[in-house]
Amino acid sequence: MSTDNSTAGNAPKTTNFIHQIIEDDLNSSNPPAKIVTRFPPEPNGYLHIGHAKSICLNFGTAEKYNGVCNLRFDDTNPEKESQEYIDAIKKDISWLGFEWHEEVKYTSSYFQQLYLWAVHLIEQGNAYICDLDSEQARTYRGDFTTPGKNSPYRDRSVTENLALFARMKDGEFAEGSCSLRAKIDMKSSNMNLRDPMLYRILNVDHHQTGDKWCIYPIYDFAHGQSDALEGITHSICTLEFEGHRPLYEWFIENLPVPATPRQYEFSRLEINYTVTSKRKLKQLVDEKMVSGWDDPRMPTISGMRRRGFTAAAIRRFCEMVGVTRSNGVVDVGMLESAVRDDLEQNARRAMCVVDPLKVTISNFAEDNTQMLSLAVHPKLPMGDRELPFSRNLWIEKQDFSEDTSLGRKKFKRLVIGDYVRLRGAYVIKADSVIKDDSGEVVEILASLVPDTVGANPPAEFKPRGVIHWVSADHAVPCELHIYDRLFTDAAPDKHKEKSFLELINPDSLRVIERAWAEPSLKNAQVEMGYQFERTGYFVADAQSSAAKLVFNQTLPLRESKAK
RNA sequence: UGGGGUAUCGCCAAGCGGUAAGGCAACGGGUUUUGAUCUCGUCAUGCGGAGGUUCGAAUCCUCCUACCCCAGCCA
């Protein structure tokens, strides 16, 4: 065993204010027996990079403190949810490398208990059936500066409320005709406490419970109690729920729940040049601006996976950005850096010529093929790959210039009369060019310097640089998808006058129909990442096959000026 | 506008009264059969602003300012 890749190590080494709280709890006089967290997605869309941060925080925290983390689908709004999303979310979490505790949980499996607790609230005089419609309710609610007014239905008797709630549950009322509300304080400065709604009527089937219910609990009434039922110790959510915390606690205090979870908030992840909002991502999909939720340009986990980002890189990125309560926008370059860092260390190497220019090696026999052996990885013991060398080669058009005045440091590639190293093969010299009628160079006639495979030539033949190549007689054709950021604007969804849809980068996808890959690339498996040397990181697309190779560019190689 | 939050380098972020970590980016040098990687170095007399307490303040107090969240029968 040699020192090899070390992207492993799942438990985060980082710390943050949530960890500090947990450590304080653990060191308190009444420490929790076990830390229990949960990741609670609503199955109404695919997971994105922002969710990845939450997943890493929740699962990572549980792991760090030898606790467990539940996966619970917060499925209280059947109108927008579906099984497709549930399946995709489970796959993404597993792919990221996390395992949820026990079986998958669903808020919908607590509907009966939640219903009983609603009855309990009514019995205690803490909830009532309100016949105000949504518009009227809004008027009664008041606004930031105006206190709300009590609903005219606020003082119905317990008996009447109980009867009404039962009939509500039995489907006797039309959608929107009435709702169950908590009786708290219509004058509270916290709008969430102005008699918030607990249950609404929704005459739709639920993906998990079918037609069993026609009343569904609202988030506030479901979330905290579900946490309590699962024995969650630390319920970690994003900042916009901060104002809901008093309500979260009100339910925990006023209901005979089996545990007392606490809610903590952190700021959500934002990245420039993209959007991280399920609603907006869904819009991109619905309006066909991208090929789907897993389009490689999407900041979704499935999109990034198809793009060639690795789970380790995404996890590393989440560690890099940290967890705080201050809003910020992370530079997408940080994500890219994490991806390059992982791929540099772990991706197999190969050569692929994107924009081919023919090179004929005049002093190499037409019928000869020389097999060369190249390391799959320059530093890791990942074995070798066989590479055929012949008289007819493809090199990159960009790697040749007719301008012989270019300095050797300025242009480390091929020019007439000078030498260049063909990566893993010979040093060659460009002797002359052949042009077509329009004056464009269509072929280079070159000669190789003997005995320079794996050996440096005498000083007078010192190559200007190293370029990649493939044998035209053996190369396999492939299609390349070159991606650029989806938006031209750093903050596409922050414009008052303009929709983010108008700021889509028209060049975010460039298709190169025919590039030439070295033969070993025929074995590329879906999701297998490569570094095409001197070009970038690529991954075999989900639709790639031996019959038609398709690679997605994950990211180009970093480039230091002068090129 | 009432309430709740947040302000430390271009970006993210440590710091928890003892004299500003780290990462990303950027900029210089070295190595290199990938202009990649690697490596060495530079990068906040300053912590939103103004006062104050203290021997000493990014950290405590006061007053400002900016930005974010809340007025869904969404989560």
Undergrad: Are OP1 or OP2 of B:rG35 and a side-chain N or O of A:Arg413 less than 4.0 angstrom apart?
TA: no
Undergrad: Between B:rA20 and B:rC24, how many Å separate the two P atoms, rounded to a whole number?
TA: 23 Å
Undergrad: Under a 4.0 Å N-O cut-off, is there an ion pair linking A:Asp185 with A:Arg194?
TA: no
Undergrad: Between B:rG10 and B:rG17, how many Å separate the two C1' atoms, rounded to a whole number?
TA: 30 Å
Undergrad: Can a side chain N or O of A:Arg141 be found less than 4.0 Å away from OP1 or OP2 on B:rG72?
TA: yes
Undergrad: Does A:Arg325 come within less than 4.0 Å of A:Glu242, counting only side-chain N to carboxylate O?
TA: yes
Undergrad: For A:His468, which contact category applies under a 4.0 Å heavy-atom criterion: base, sugar-phosphate, or nothing?
TA: nothing
Undergrad: If the threshold is 4.0 Å, N to carboxylate O, is there a salt bridge linking A:Glu396 and A:Arg534?
TA: no
Undergrad: Can you sort out the partners of A:Thr310 under side-chain contact (heavy atoms from CB on, under 4.5 Å), two or more places apart, ordered by chain and number?
TA: A:Ala312, A:Ala313, A:Asp342, A:Leu343
Undergrad: Report the distance from atom CZ of A:Phe266 to atom C1' of B:rC68, rounded to the nearest whole Å.
TA: 16 Å
Undergrad: Checking A:Arg156 against A:Tyr128: charged group under 6.0 Å from the ring centre and within 45 degrees of the axis?
TA: no
Undergrad: Counting Watson-Crick and G-U wobble pairs only, both distances under 3.5 Å, name the nucleotide matched with B:rA71, or none.
TA: none
Undergrad: If B:rU53 has a Watson-Crick or G-U wobble mate with both distances under 3.5 Å, name it; if not, just say none.
TA: none
Undergrad: Rounded off to whole Å, could you give me the CG-to-C1' distance for the A:Asp131 and B:rC73 pair?
TA: 13 Å
Undergrad: Sticking with atom C1', work out how far B:rG29 lies from B:rU65, rounded to a whole angstrom.
TA: 44 Å
Undergrad: Roughly how many Å apart are B:rA58 and B:rG49, using the C1' atom of each and rounding to a whole number?
TA: 14 Å
Undergrad: Write out a two-atom table: protein N or O, nucleotide N or O from nucleotides 28-31 of chain B, distance below 3.5 Å.
TA:
none

Undergrad: Indicate whether OP1 or OP2 belonging to B:rG4 is found under 4.0 Å from a side-chain N or O atom of A:Ser189.
TA: no
Undergrad: Give A:Val420 one of three labels, base, sugar-phosphate or nothing, depending on what nucleic acid heavy atoms sit under 4.0 Å from its own.
TA: nothing
Undergrad: Check the distance between B:rU33's P and A:Glu533's CD and give it to me in whole angstrom.
TA: 13 Å
Undergrad: Quick one: label A:Ile201 by what it contacts on the DNA or RNA (base, sugar-phosphate, nothing), any heavy atom closer than 4.0 Å.
TA: nothing
Undergrad: When you match A:Arg138 and A:Phe411 each to their closest nucleotide on RNA chain B, which lands nearer the 5' end?
TA: A:Phe411
Undergrad: Using a heavy-atom cut-off of under 4.0 Å over every strand shown, decide if A:Ser179 touches base, sugar-phosphate, or nothing.
TA: nothing
Undergrad: Look at all strands and tell whether A:Gly454 reaches a base, only sugar-phosphate, or nothing, counting heavy atoms closer than 4.0 Å.
TA: base
Undergrad: By the 4.0 Å heavy-atom rule, please label A:Arg349 as base, sugar-phosphate, or nothing.
TA: base
Undergrad: Given that both distances must come in under 3.5 Å, which nucleotide forms a Watson-Crick or G-U wobble pair with B:rA66?
TA: B:rU6
Undergrad: Just to be sure I understand the rule, does A:Glu79 reach a base, reach only the sugar-phosphate, or reach nothing, if contact means heavy atoms closer than 4.0 Å?
TA: nothing
Undergrad: List every contact pair, protein side and nucleotides 11-15 of chain B side both N or O, where the distance is under 3.5 Å.
TA:
| unit_1 | atom_1 | unit_2 | atom_2 | d |
| --- | --- | --- | --- | --- |
| B:rC11 | O3' | A:Val329 | O | 3.2 |
| B:rC11 | O2' | A:Val329 | O | 2.9 |
| B:rC11 | O2' | A:Asp331 | N | 3.4 |
| B:rC12 | OP1 | A:Val329 | N | 3.4 |
| B:rC12 | O2' | A:Val321 | O | 2.8 |
| B:rA13 | OP1 | A:Thr324 | OG1 | 2.7 |
| B:rG15 | OP1 | A:Gln20 | NE2 | 3.4 |

Undergrad: Look at the side chain of A:Arg421 against the base of B:rU33 and say whether a donor-acceptor pair falls under 3.5 Å; ignore hydrogens and angles.
TA: yes
Undergrad: Under 3.5 Å, is there a donor-acceptor pair between the A:Ser235 and A:Asp227 side chains?
TA: yes
Undergrad: Just the rounded figure in Å: distance from P of B:rC38 to CG of A:Leu343.
TA: 13 Å
Undergrad: Do A:Arg349 and A:His377 pair up side chain to side chain, a donor and an acceptor below 3.5 Å, judged on atom types alone?
TA: yes
Undergrad: With syn defined as a glycosidic angle within 90° of 0 and anti as the rest, where does B:rG22 land?
TA: anti
Undergrad: Measuring only the P atom in each nucleotide, how far is B:rC64 from B:rG4? A whole number of Å is fine.
TA: 15 Å
Undergrad: Any idea which heavy atoms bring A:Asn190 and A:Gly243 closest together, and the distance?
TA: ND2-O, 3.0 Å
Undergrad: Could you pull out the closest heavy-atom pair between A:Leu374 and A:Leu387, with the gap in Å?
TA: CD1-CD2, 3.8 Å
Undergrad: Applying a 4.0 Å non-hydrogen cut-off, can you work out what A:Tyr216 is touching in the nucleic acid: base, sugar-phosphate, or nothing?
TA: nothing
Undergrad: Remember a base hit wins even if backbone is also touched, and classify A:Gly424 as base, sugar-phosphate or nothing at under 4.0 Å, heavy atoms.
TA: base
Undergrad: What does A:Ala455 touch in the nucleic acid at a heavy-atom separation under 4.0 angstrom: a base, only the sugar-phosphate, or nothing?
TA: base
Undergrad: Send over the distance from A:Asp195 CG to B:rA71 P, rounded to a whole Å.
TA: 16 Å
Undergrad: In whole Å, I'd like the distance from the CD1 atom of A:Ile218 to the C1' atom of B:rC74.
TA: 8 Å
Undergrad: So what does A:Thr146 hit on the nucleic acid, given a heavy-atom distance under 4.0 Å: a base, only sugar-phosphate, or nothing?
TA: nothing
Undergrad: Under a 3.5 Å limit for both distances, which nucleotide forms a Watson-Crick or G-U wobble pair with B:rA58, could you say?
TA: none
Undergrad: Which nucleotide, B:rC24, B:rA36, B:rU34, lies nearest any side-chain atom of A:Val466?
TA: B:rU34
Undergrad: Mind telling me whether A:Trp394 and A:Trp516 have parallel, tilted or perpendicular rings, with 30° and 60° as the class edges?
TA: parallel
Undergrad: Which nucleotide, in any strand shown, forms a Watson-Crick or G-U wobble pair with B:rA26, with both distances under 3.5 Å?
TA: B:rU42
Undergrad: Using heavy atoms to find the nearest nucleotide of RNA chain B for A:Asp75 and A:Arg340 separately, return the residue whose nucleotide is more 5′.
TA: A:Arg340
Undergrad: Using every non-hydrogen atom in the two residues, find where A:Gly465 and A:Val420 come nearest and quote the distance to one decimal.
TA: O-CG2, 3.4 Å
Undergrad: Could you work out the separation of B:rU19 and B:rU59 based on their C1' atoms and round it to a whole Å?
TA: 12 Å
Undergrad: Take A:Val449 and A:Tyr419, measure what side-chain contact (heavy atoms from CB on, under 4.5 Å) needs, and give me the verdict at the end.
TA: CA-CA 9 Å; A:Val449 180; A:Tyr419 300 85; 3.7 Å; yes
Undergrad: Just call it for A:Ile271: base, sugar-phosphate, or nothing, with non-hydrogen atoms closer than 4.0 Å on any strand.
TA: nothing
Undergrad: Against the six-membered ring of A:Phe461, is A:Lys429 placed for a cation-pi contact (under 6.0 Å from the centre, within 45° of the normal)?
TA: no
Undergrad: Work out how far the P atom of B:rA50 is from that of B:rA66, and round it to whole angstrom.
TA: 16 Å
Undergrad: Which part of the nucleic acid, if any, lies within contact of A:Asn272, taking any heavy atom under 4.0 Å across all strands shown: a base, the sugar-phosphate backbone alone, or nothing?
TA: nothing
Undergrad: Any salt bridge linking A:Asp489 with A:Lys494? Criterion: basic side-chain nitrogen under 4.0 Å from a carboxylate oxygen.
TA: no
Undergrad: Please state the C1' separation for the pair B:rC60 and B:rG18 - nearest whole angstrom.
TA: 14 Å
Undergrad: Has A:Phe144 got its ring stacked on the base of B:rC70, with centres under 5.5 Å and planes less than 30° apart?
TA: yes
Undergrad: Heavy atoms under 4.0 Å, any strand shown: does A:Pro378 hit a base, just sugar-phosphate, or nothing?
TA: base
Undergrad: Rounded to whole angstrom units, what separation is found between the OH atom of A:Tyr153 and the P atom of B:rC73?
TA: 16 Å
